Amino acid sequence: MIISNKPVQYLLVTLLALTSSINFASTSVDSVSVEHKNVEVTEESHAAASAHGETVGHEIEKEFNASELINSHIGDSHDFHIADWDGHPISFNLPVILWTKNGLEIFSSEKFHHDNLGHHVVDANGQKLVRYKEVIFYADKFEELSQEERDNGAFAFDARPLDFSITKNVFSMLMSAIILFFVFFAVARSYKKNEKAPKGLAGFLEPLVTFVRDEIAIPNIGTKKYGKYMPYLLTIFFFIWINNLIGLIPFFPFSSNLTGNIYFTFVMAFITFVVTTLSGNKSYWGHIFNTPGVPVWLAPIMIPVELIGMLTKPFALMIRLFANITAGHIIILSLVSLIFIFKTVAIGPVSGAFVLFMSVLEMLVAALQAYVFTLLSALFIGQAVEEHDHH
């Protein structure tokens with residue numbers, strides 16, 4: 001069994017390039033706070049209530065919102081929230097890397113003071129920045145946006161700088177890449193030292209590698225050409241599987257939802273689309289632009305249909321992985337939320353039992369989705385490189 005080390009070399013170069021960018025000299029950043037109209041209105045209402053002899057409590061109990069809990073977990077963020085201590089959040093802050101009107105700005109997400117509602121303003125070399133639902137805006141532009149535009153802030157390109165920050169998902173992606181790097185280098189060293197039956201980590205991974213080769217690559221691509229695509233298939237299989245498992249661990253430095261992010265699944269599906277398209281042989285393109293057995297007068301209809309079919313394949317890959325992983329997280333968090341919705345510990349054992357069951361099921365789904373994505377990628381590649389016999 002031969003595993004090419006070229007993808008690992010490319011991965012190492014990419015990691016070094018990414019990590020080196022974090023070591024740039026950080027520009028001076030100061031943080032200031034601002035008062036908003038809603039705060040003033042609250043203070044005025046409290047003063048009015050006091051004038052009428054009404055009692056105002058020091059703390060108003062905030063109603064539990066399950067949607068906020070779920071969205072905060074399955075979404076990306078600029079820091080890891082670890083725990084709360086004495087009313088103060090304990091977080092692992094990640095670097096914020098922005099390309100602004102004045103150039104590159106790098107500072108810690110700690111400068112936002114855990115504010116995610118656009119209340120706290122960060123001064124970065126004279127530029128005022130706010131963060132709203134994990135999207136960083138220019139403060140002056142943010143005040144001009146409507147509520148709908150703020151909620152769709154990712155597409156308000158004129159109101160925000162380009163964000164290249166190391167977020168939770170990026171951190172998880174780099175961590176999983178480093179894990180793969182060390183694991184497979186350890187396996188490679190084990191094979192060099194031991195020419196007999198593999199032991200330890202190599203003994204655990206060899207059945208998985210041979211499974212990808214014998215049950216995915218060879219049946220779908222063929223014995224002649226499967227070796228060329230084995231590095232890619234192994235990479236996506238283990239990369240997706242590891243990140244699926246990372247998303248199931250609910251504490252730092254894990255707990256990210258990388259494979260449940262539509263942007264990530266889009267990139268993975270797009271890579272498969274590029275590999276498939278570039279691998280297409282004469283027979284593959286002939287079936288698209290000159291479908292056998294179809295009358296010539298149907299070509300104006302069949303060619304667009306075939307081209308749309310090329311796009312629906314990676315689209316199905318993207319949606320399947322995203323939907324299945326996200327659905328699992330939502331179900332688990334919904335079961336946990338039942339305790340706070342009913343406001344009783346009595347529901348705890350029932351909720352906990354279902355959470356445990358779903359967590360075990362999600363471990364199976366984590367491997368299954370990695371297998372399905374790799375299988376379909378191999379199937380699409382196999383269709384592109386297959387030689388058709390015409391009689």
Side-chain angles (χ1 to χ4, degrees), residues 11 14-33 68-85 88-100 103-125 127-139 142 153-154 160-181 239 242-264 267 325 329:
L11 177 61
T14 304
L15 288 174
L16 290 175
L18 287 172
T19 52
S20 62
S21 65
I22 305 175
N23 295 325
F24 289 154
S26 178
T27 54
S28 59
V29 178
D30 297 321
S31 60
V32 295
S33 59
E68 289 183 1
L69 172 68
I70 294 172
N71 289 332
S72 64
H73 175 80
I74 65 176
D76 202 1
S77 66
H78 290 87
D79 50 35
F80 282 89
H81 181 261
I82 300 174
D84 288 298
W85 181 263
H88 299 286
I90 301 173
S91 301
F92 180 79
N93 300 295
L94 297 168
V96 176
I97 306 173
L98 305 174
W99 184 262
T100 68
L104 185 66
E105 302 288 348
I106 303 177
F107 56 91
S108 172
S109 60
E110 183 183 7
K111 298 296 181 180
F112 287 107
H113 292 188
H114 307 286
D115 173 57
N116 202 23
L117 297 175
H119 295 164
H120 194 85
V121 176
V122 171
D123 188 339
N125 283 339
Q127 297 183 107
K128 309 296 184 180
L129 304 170
V130 296
R131 183 174 65 178
Y132 181 78
K133 293 185 177 180
E134 299 301 338
V135 180
I136 299 175
F137 296 90
Y138 296 113
F142 178 76
R160 65 181 186 87
L162 294 177
D163 194 346
F164 300 97
S165 303
I166 308 296
T167 60
K168 279 176 60 176
N169 285 342
V170 176
F171 181 89
S172 175
M173 181 173 61
L174 295 176
M175 181 174 63
S176 59
I178 292 172
I179 291 173
L180 281 175
F181 176 82
F239 188 61
I242 288 176
N243 280 288
N244 286 346
L245 294 176
I246 286 176
L248 295 176
I249 304 174
F251 51 82
F252 177 79
F254 309 101
S255 75
S256 64
N257 185 35
L258 179 62
T259 48
N261 185 292
I262 191 69
Y263 302 113
F264 172 80
V267 172
I325 299 302
H329 286 263

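Predicted model only: the values in this text are computed from it and were never measured.
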Original post:
Between Ser109 and His78, is there a donor-acceptor pair closer than 3.5 Å when you use the side chain of the first and the backbone of the second?
Top reply: yes
Subject >> Any residue meeting side chain to side chain contact (heavy atoms under 4.5 Å, CB included) with Phe164, in chain and number order, not counting sequence neighbours >> reply: Ile97, Trp99, Leu162
Original post:
Residues in side chain to side chain contact (heavy atoms under 4.5 Å, CB included) with Ile262, at least two apart?
Top reply: Thr265, Met318, Ile319, Phe322
Which residues share a side-chain hydrogen bond (donor to acceptor under 3.5 Å, both in side chains) with [X], sequence neighbours left out:
X: Asn244; answer: Thr259
X: Tyr138; answer: none
X: Ser172; answer: Asn243, Ser256
X: Asp115; answer: none

Heavy-atom check, side chain of [X] versus side chain of [Y], under 4.5 Å:
X: Phe107; Y: Leu98; answer: yes
X: Lys128; Y: Asp123; answer: yes
X: Glu134; Y: Asp76; answer: no

So, taking the atom named [atom1] in [X] and the one named [atom2] in [Y], what distance separates them when rounded to the nearest 0.5 Å?
X: His114; Y: Arg131; atom1: NE2; atom2: CZ; result: 8.5 Å
X: Ser255; Y: Lys168; atom1: OG; atom2: NZ; result: 4.0 Å
X: Ile179; Y: Phe239; atom1: CD1; atom2: CZ; result: 10.5 Å
X: Asp79; Y: Phe252; atom1: CG; atom2: CZ; result: 10.5 Å

**OP:** Using the six-membered ring wherever Trp is involved, compare the ring planes of Phe171 and Phe80 and label them parallel, tilted or perpendicular (cut-offs 30° and 60°).
**Re:** perpendicular
Subject >> Residue pair Thr167 / Asn169, side-chain donor-acceptor N/O under 3.5 Å >> reply: no
